[in-house]
2 protein chains.
Amino acid sequence: MQHESGHDPVRIERALQGDPVEATLTTSRALLGLVARSLSETLDLVTLPQFRVLVILAGNGPMRIGELAKRVRSVPSTFTRSMDRMEQQGWVVREASPTSRREVLVHLTPKGAQLVVEVTDRRRSEISEVLRRLTPEDAEIVARAFAVFAAAAAEPPPEDLVLLGL
Amino acid sequence: MQHESGHDPVRIERALQGDPVEATLTTSRALLGLVARSLSETLDLVTLPQFRVLVILAGNGPMRIGELAKRVRSVPSTFTRSMDRMEQQGWVVREASPTSRREVLVHLTPKGAQLVVEVTDRRRSEISEVLRRLTPEDAEIVARAFAVFAAAAAEPPPEDLVLLGL
DNA sequence: CACAACAGTTGCATTGATGCAATCATTGCG
DNA sequence: CGCAATGATTGCATCAATGCAACTGTTGTG
């Protein structure tokens, strides 16, 4: 069980020989590293739970505070306070709902939206860089394979993604 | 910017047309969901920072407490207390170093090792399940492509992985 | 031997998240 | 209208993580 990190000759061997599970595991670690890197600067500014909120808002537009709380598996009391902090730091704003005066909608501020964009951009550019190291033929193979895999994996339910923030 | 989650027709289209970056992004989300799921039960037992520690120990064997702290970008004072908690809960044990009496080595307990194994197993089996949905030919393509990608991406530095816990 | 460097712990203070219970305002329904 | 349900906030209380500064013990070096 030693040597979980570092190029493990056995694992690579198996991957090249075509053990799909091992290849997928290795790739998932590579992608995770990439995701983590894309997030790392950002996590100096917001916490992971906070970033999840930003991502959800970026993806779905303004949302009721309770609905948002449910999405991140939090409870209203916790979440109200979390919003206090995030609003104070300028990532989001509370606004009265146009339909009901007891509902409060949370909006992303430009600053908050920007943060999410930066992470996504960073992620895209990191991916590009990896792909640039491939021959065009390999890149084509990879793209096709990824599309196939992604289709089979199905879009992960938001509750799962929320766990790690995107 | 709407609709970050959910099947985005545009993104899938581009993936199928062969935009490698989009395909990779989609796949990374799928894999992230999978990783998150493999972790979700476990995070009821330990925190993410704590799980990182378990993973590092599982991969490298017993380690000095300061070295471990450095790995997770923590400081000794923080880390001592984190070890207190983890030791009390039976995930790790402190043991005197055989070489120096001022050093303290942290060992994984069987219980701690087990936890890491469970997560990895869960991840493997989730991956298997996705791959089972592919035709053998597609699985072969995927395996080959993943191996290629993983090689190009290079093993992520441990500091990056540490950020998300494996 | 003496003193500096090192490894780890402890005191203290702060922050973010968590959640139960109670409260306030609003809404919708009988 | 009146009252129950709803949405959000507030009052606790707790816990994990963070990190500076001071301190204890150990090692190694001049």
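Throughout, a chain's letter reflects where its sequence line sits, starting with A, and its residues are numbered from 1. No experiment lies behind these values; they were computed from the predicted model shown. Basis for what follows: all heavy atoms, side chains included, without hydrogens, waters or symmetry-related copies.
- Rounded to an integer number of Å, the gap from R73(A) CZ to dG19(C) C1' is 16 Å.
- If you take CD of E95(B) and C1' of dA7(C), they are 17 Å apart, rounded to a whole angstrom.
- Each of T99(A) and R85(A) lies near DNA chain C, and the nucleotide nearest R85(A) is the one positioned closer to the 5' end.
- As rounded to whole Å, 11 Å separates atom P of dT15(C) from atom CD of Q89(A).
- Remark: P of dT15(C) and CE of M86(A) are 18 Å apart, rounded to the nearest angstrom.
- Side-chain contact between L34(B) and R37(B) is present, with heavy atoms from C-beta onward closer than 4.5 Å.
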Expected rows: protein N/O vs nucleotides 8-13 of chain C N/O, under 3.5 Å:
{"residue": "dG8(C)", "atom": "OP1", "partner": "I65(B)", "partner atom": "N", "Å": "3.4"}
{"residue": "dG8(C)", "atom": "OP1", "partner": "V104(B)", "partner atom": "N", "Å": "3.1"}
{"residue": "dG8(C)", "atom": "OP1", "partner": "V104(B)", "partner atom": "O", "Å": "3.3"}
{"residue": "dG8(C)", "atom": "OP2", "partner": "R64(B)", "partner atom": "NH1", "Å": "2.7"}
{"residue": "dG8(C)", "atom": "OP2", "partner": "G66(B)", "partner atom": "N", "Å": "2.9"}
{"residue": "dT9(C)", "atom": "OP1", "partner": "R94(B)", "partner atom": "NH1", "Å": "2.8"}
{"residue": "dT9(C)", "atom": "OP2", "partner": "T80(B)", "partner atom": "OG1", "Å": "2.9"}
{"residue": "dT9(C)", "atom": "OP2", "partner": "R94(B)", "partner atom": "NH1", "Å": "3.3"}
{"residue": "dG11(C)", "atom": "N7", "partner": "R81(B)", "partner atom": "NH1", "Å": "3.3"}
{"residue": "dG11(C)", "atom": "O6", "partner": "R81(B)", "partner atom": "NH2", "Å": "2.7"}
{"residue": "dC12(C)", "atom": "N4", "partner": "R81(B)", "partner atom": "NH1", "Å": "3.1"}
{"residue": "dC12(C)", "atom": "N4", "partner": "R81(B)", "partner atom": "NH2", "Å": "3.3"}

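- Between the CG atom of D44(A) and the P atom of dG19(D) there is a distance of 10 Å, rounded to whole Å.
- A salt bridge links R144(A) with E140(A); the closest basic N to acidic carboxylate O contact falls under 4.0 Å.
- Taking side-chain N and O atoms only, Q50(A) has no distance below 4.0 Å to OP1 or OP2 of dT15(C).
- Side-chain atoms of I127(A) and V130(A), non-hydrogen and from C-beta on, never get closer than 4.5 Å to each other.
- Between E67(B) and R71(B), at least one side-chain nitrogen of the basic residue sits less than 4.0 Å from a carboxylate oxygen of the acidic one, meeting the salt-bridge criterion.
- Phosphate proximity of dA16(D) to T47(B): absent, as no side-chain N or O sits under 4.0 Å from OP1 or OP2.
- Put simply, CZ on R101(A) is 15 Å from P on dT9(D), counting in whole angstrom units.
- If you take CG of L68(A) and C1' of dT9(D), they are 16 Å apart, rounded to a whole angstrom.
- Looking at heavy atoms from C-beta onward, L105(B) lies in side-chain contact with R64(B) at the 4.5 angstrom threshold.
- At distances below 3.5 Å, at least one donor-acceptor pair connects side-chain atoms of T109(B) with backbone N or O atoms of W91(B).
- Counting heavy atoms from C-beta outward, R52(A) and L48(A) have side chains that approach closer than 4.5 Å.
- Distance CZ (R52(A)) to C1' (dA17(C)): 10 Å, rounded to an integer number of Å.
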